[in-house]
Student: 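Below is a structure I'd like to ask you about.
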Number of protein chains: 2
Amino acid sequence: MELWFMGTNAGMPIAERNVTSIVLRMPQNRGTFWLFDCGEGTQHQLLRTPFKLSKLEKLFVTHLHGDHIFGLPGLLSSRSSLGVTAEMELYGPPGIRDFVENAFRISDSHLGYPLRIYEIGEGEAYRDEDFIVEAAALDHRIECFGYRITERPRTGALRTDWLLEIGVPAGPLFGLLKSGQDVALEDGRIIRSEEAVGSSLHGRVITVLGDTKPCGNAVALAKDADMLVHEATFLADLAEKAGEYGHSTSIQAAETARKAGAKRLLITHFSSRYKQEDLAELESEARSAFPNTEAATELKPYSIPRGNVDDNRQ
Amino acid sequence: MELWFMGTNAGMPIAERNVTSIVLRMPQNRGTFWLFDCGEGTQHQLLRTPFKLSKLEKLFVTHLHGDHIFGLPGLLSSRSSLGVTAEMELYGPPGIRDFVENAFRISDSHLGYPLRIYEIGEGEAYRDEDFIVEAAALDHRIECFGYRITERPRTGALRTDWLLEIGVPAGPLFGLLKSGQDVALEDGRIIRSEEAVGSSLHGRVITVLGDTKPCGNAVALAKDADMLVHEATFLADLAEKAGEYGHSTSIQAAETARKAGAKRLLITHFSSRYKQEDLAELESEARSAFPNTEAATELKPYSIPRGNVDDNRQ
Ligand SMILES: [Zn+2]
Ligand SMILES: [Zn+2]
């Protein structure tokens, strides 16, 4: 899986950075992508990536501030104009339905695909056989959610070639080994399930938070996450301003990552006051509290590999 | 004055072209600009021009289709985030207020400047001592206006240096000459007002039409205009499709310009089916009916000089 940032600026677009939207590229067998937030110009940014709106499966909104939703009516309309008929789902705080439906009503827009809108609260927002998405409330000026995306672990494949080679007959013994049981062969040899089954695949955890001050739910959502996306609107010297506006500083983002035991941190949602060359300072401040931090750059992939379980026990 | 196109594509953005918005740069003494329509990404495009939102004085909306209005909430909000306190005015069809106010209510946006919203009908939309803006209904799928911007003519300046040089005393005679009267000097010479006053300045007429099929009001709004901006969504071979969707072909746009006696035509609002290299064909088709046509290019100035009255009598 990969994360791609369509925008990394807070509040409004500037020449160098757009407002918030984050692509989560889903595993290859799924072939789709999800979006987190949809600031104005998200569809324009997507035109500069490999992502086609026909493959947009779900869109999760953290909160209703304009820099996170004003791109929604246009993106949803364009997906229809392109002739896409595949259903898509939109999740967000109460009010998201009114926003989209009013924009469509006034502009006489009609979608050629089913759009399911879910106004969510805390708890499980979505679940299928591969992923669970949970939401929890953060601490911003308006209702704002963070999302924790949990991929289910996958048990390893049975090493059938090896079993046949050493003389284990195909049949019920394979099932026992696969299910975790050790088996005794007729010749007295013991085959241990552990040897017979490949490494199980770790289920990745990706946490994408909306705008927030430091809070307990931010830490809970990011617990042991492989990747945490956290806003860092300001440098540490503006902690007071950050608190006043319901935002975090670079160091506060890093402390949340550290407390949560996250593996990596991507900071984003930078105040317009910071030029591109200032982002290194936001990054290095954050690294002082959480070394594995990067300041997100737009329109490039951040890969989140699926290691096996042992790799992740380090 | 100048026109700049922030977008020239119909319906949705594509990699090479954005959706509709047109800057009218006002005369230098005014120092402001007006906008016609505000598709998504208009504020992003403005970042690539010399135009600052602080100088945005008025915004005229032709109709409520998404590709003409979805950039409004973001642009209006950013103007406030930038700290602009100067009032601005928004004109458009009924529904424009609901669209903007609902987006602001849901996103908890508050403007730091007075925004006056005028839901207009046909007739005079705006007037001041230099400009009159008139609106008339076009023929589209939903209510859609065209705008005619008329600059008032200015009488020429009195050639005072020359008058003093030839011995006309400053004083009441100057007033008479300026007002159009010829005067007799004490030495018997007759000074004709026509000689004493410079050329009067022609008031420019600029017509910006919304999406439309050919119709009488399009011609009326463009009557003798110095510049007509007309949509040309399709090449002439798709006239039937154009009619069905309430749009015009290149040749239909040109015929309107010709019937109206307009001086120049800029065509825009090209269907996504046309690549950049196809625009020359739209242009040459239009030129077959109205030679002084250009296919609008984004982010460059189209100058509309203020000639004197004689220049424009050719
Ligand atoms: Zn924000
Ligand atoms: Zn249009």
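Here is the naming used below: chain letters follow the sequence lines, and residue numbers restart at 1 for every chain.
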Student: Tell me if a side-chain donor or acceptor on A:Glu57 pairs with a main-chain N or O of A:Phe33 at a distance below 3.5 Å.
Tutor: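 Side chain of A:Glu57 to backbone of A:Phe33, a donor-acceptor pair under 3.5 Å: no, none is there.
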Student: Could you have a look at A:Ser81, A:Gly11, A:Gly71 and say which one has the most heavy-atom pairs with chain B under 4.5 angstrom?
Tutor: A:Gly71
Student: Looking at A:Ser109, A:Ala103, A:Ser272, which has the largest count of heavy-atom pairs under 4.5 Å with chain B?
Tutor: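 Winner by heavy-atom pair count: A:Ala103.
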Student: Could you label the plane-to-plane angle of the A:His140 and A:His247 rings as parallel, tilted or perpendicular, counting under 30° as parallel and over 60° as perpendicular?
Tutor: tilted
Student: A:Ile106 versus chain B, heavy atoms under 4.5 Å apart: side chain, backbone, both or neither?
Tutor: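 A:Ile106 touches chain B through backbone and side-chain heavy atoms alike.
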Student: Can A:His110 and A:Phe104 be said to form a side-chain contact (heavy atoms from CB on, under 4.5 Å), step by step?
Tutor: CA-CA 7 Å; A:His110 306 277; A:Phe104 284 177; over 6 Å; no
Student: Using a 6.0 Å distance limit plus a 45 degree cone around the ring axis, check whether A:Lys300 lies over the aromatic ring of A:Phe5.
Tutor: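 No, A:Lys300 does not lie over the aromatic ring of A:Phe5.
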Student: I need the single residue from A:His68, A:His65, A:His63, A:His230 that forms a ring-ring contact (aromatic ring centres under 6.0 Å, His included) with A:His269. Which is it?
Tutor: A:His68
Student: Name the region of A:Asp67, side chain, backbone, both or neither, that has any atom closer than 4.5 Å to a heavy atom of chain B.
Tutor: neither
Student: Please work out which of the three classes, parallel, tilted or perpendicular, describes the rings of B:Phe60 and B:Phe36, given edges at 30° and 60°.
Tutor: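 Plane angle under 30°, so parallel.
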Student: What part of A:Ser78 gets closer than 4.5 Å to chain B, counting heavy atoms only: side chain, backbone, both or neither?
Tutor: both
Student: Where on A:Ser80 is there a heavy atom nearer than 4.5 Å to chain B: the side chain, the backbone, both, or neither?
Tutor: neither
Student: Where on A:Ile14 is there a heavy atom nearer than 4.5 Å to chain B: the side chain, the backbone, both, or neither?
Tutor: backbone
Student: At a heavy-atom separation under 4.5 Å, does A:Arg105 approach chain B through its side chain, its backbone, both, or neither?
Tutor: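 Just its side chain gets close to chain B.
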Student: Take B:Ile22 and B:Asp37, measure what side-chain contact (heavy atoms from CB on, under 4.5 Å) needs, and give me the verdict at the end.
Tutor: CA-CA 7 Å; B:Ile22 304 169; B:Asp37 287 333; over 6 Å; no
Student: Measure A:Leu75 against the heavy atoms of chain B and call it side chain, backbone, both or neither at under 4.5 Å.
Tutor: backbone
Student: Do you know which of A:Asp108, A:Asp98, A:Asn18, A:Leu82 has the most heavy-atom pairs with chain B at a distance under 4.5 angstrom?
Tutor: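 The residue among A:Asp108, A:Asp98, A:Asn18, A:Leu82 with the greatest pair count is A:Asp98.
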